[in-house]
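Working notes for the structure below.
Numbering of residues begins at 1 and proceeds along the displayed sequence.
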Amino acid sequence: MQPIDSHSTLFLLLDITRILRSQFERKVQEAALGITPSEARTLANISRFGPLNQNELSDLTGFGAMSAARVLKNLEAVGLVSRSTDPNDRRAKIVQVTQKAAPLLTALKDVGDEVDAVTRGDMSNEDWTSLQSMLQTVRETHLTAYRNRRAAEETSE
C-alpha cells in the first residue's frame, strides 16, 4: 500500500486551512465581538459572496443546512443579516448582510489582517503577492466547478 503524501497540495491546503481557521477563531474570541466564530465566518462569507441563498451559503461555508439555518437565525435576531424570499424560488431564502453589520465586518477584517500577518511571516512582497495570486486562481477554479455543478443540478431537476 502506498502511503499518503502529506506534502501533496491537498493535504498542505487542508492543514493550512485548519491552522488558519483555528487562529481566526481564537482571535475572534479574543476580540469579544459579541458573536461566535461560526457566526463571524458566516457573516464574512455572506459579505463576500452575497446576497445568496441559504443552500449556496451552506455549500460555500461547509456548514450543514441545519447548522447554517441556526447560525443565520442568530445573526438575523441581532440584525446583522436579513433573509427574504428568493424571487426565483419561493421555497428558498436569500441572505444578505445589513448596514448594522458594517462595523463588525471592519473588526473581522482587522482580525483577518492579524492572521494574514502571521501567515506571511517574513515573506517578501513579491512572494506574498505571488502566493495570493496563485491561491485566488485555485479558489476561482473551484468556485467555477461548484457553480457549474449547481447549474447542472438545477437543470436536471
Side-chain angles (χ1 to χ4, degrees), residues 13-121 123 125 128-155 157:
L13 289 174
L14 288 173
D15 288 347
I16 292 166
T17 299
R18 181 182 42 76
I19 293 164
L20 290 176
R21 180 176 171 172
S22 175
Q23 287 184 344
F24 175 79
E25 289 180 353
R26 185 177 47 79
K27 294 270 187 201
V28 166
Q29 289 175 327
E30 289 172 0
L33 301 173
I35 61 174
T36 67
S38 294
E39 291 166 347
R41 281 194 332 273
T42 301
L43 189 63
N45 280 313
I46 296 167
S47 177
R48 292 173 53 224
F49 295 111
L52 70 167
N53 75 41
Q54 288 181 214
N55 288 335
E56 291 170 324
L57 177 64
S58 183
D59 285 350
L60 291 170
T61 59
F63 284 135
M66 295 301 289
S67 295
R70 180 183 41 78
V71 169
L72 288 172
K73 181 180 177 184
N74 295 343
L75 291 172
E76 187 176 36
V78 294
L80 298 174
V81 300
S82 65
R83 292 188 277 185
S84 57
T85 302
D86 184 339
N88 299 322
D89 181 354
R90 310 282 310 155
R91 301 166 297 168
K93 297 287 185 184
I94 296 291
V95 184
Q96 58 188 5
V97 296
T98 63
Q99 199 57 32
K100 184 177 179 181
L104 196 52
L105 289 167
T106 299
L108 290 174
K109 182 194 177 307
D110 292 343
V111 168
D113 289 346
E114 289 177 37
V115 174
D116 262 1
V118 172
T119 304
R120 180 177 178 164
M123 233 183 266
N125 286 340
W128 182 245
T129 300
S130 179
L131 175 64
Q132 287 179 311
S133 178
M134 287 184 275
L135 291 172
Q136 288 169 10
T137 299
V138 170
R139 179 179 61 195
E140 286 307 312
T141 300
H142 282 275
L143 283 173
T144 298
Y146 162 78
R147 290 180 186 119
N148 291 341
R149 181 180 54 82
R150 291 287 296 188
E153 289 170 357
E154 289 174 10
T155 303
E157 290 177 358

Is any side-chain heavy atom of [X] closer than 4.5 Å to a side-chain heavy atom of [Y]?
X	Y	result
L135	L13	yes
E140	L143	yes
F24	V111	yes
I16	T119	no

[atom2] on [Y] to [atom1] on [X], rounded to 0.5 Å:
X	Y	atom1	atom2	value
R91	Q54	CZ	CD	13.5 Å
N53	K93	CG	NZ	12.0 Å
R149	E153	CZ	CD	4.5 Å
R147	E56	CZ	CD	9.0 Å
S47	L80	OG	CG	11.5 Å
R41	L108	CZ	CG	11.5 Å

Q: Take V138 and H142, measure what side-chain contact (heavy atoms from CB on, under 4.5 Å) needs, and give me the verdict at the end.
A: CA-CA 6 Å; V138 170; H142 282 275; 3.9 Å; yes

List the atom of [X], the atom of [Y], and the distance in Å for their closest heavy-atom pair.
X	Y	answer
V97	A101	CB-CB, 4.3 Å
A107	L33	CB-CD2, 3.7 Å
P51	Q96	CG-OE1, 3.4 Å
L75	I35	CD2-CG2, 4.5 Å
T85	R90	CG2-O, 3.5 Å
S58	G64	OG-C, 3.4 Å

Q | Sequence neighbours excluded, every pair satisfying side chain to side chain donor-acceptor pair (under 3.5 Å) that has a member inside residues 100-111 | A | K109-D113

Q. Is there a donor-acceptor contact under 3.5 Å from the side chain of T98 to the main chain of G79?
A. yes

Q: For S133 and T129, indicate whether the former's side chain and the latter's backbone hold a donor-acceptor pair under 3.5 Å.
A: no

Q: Test side-chain contact (heavy atoms from CB on, under 4.5 Å) on V95 and T42 and set out the steps.
A: CA-CA 11 Å; V95 184; T42 301; over 6 Å; no

Q.
So, using side chain to side chain donor-acceptor pair (under 3.5 Å) as the criterion, who are the partners of D15 when residues are at least two apart?
A. none

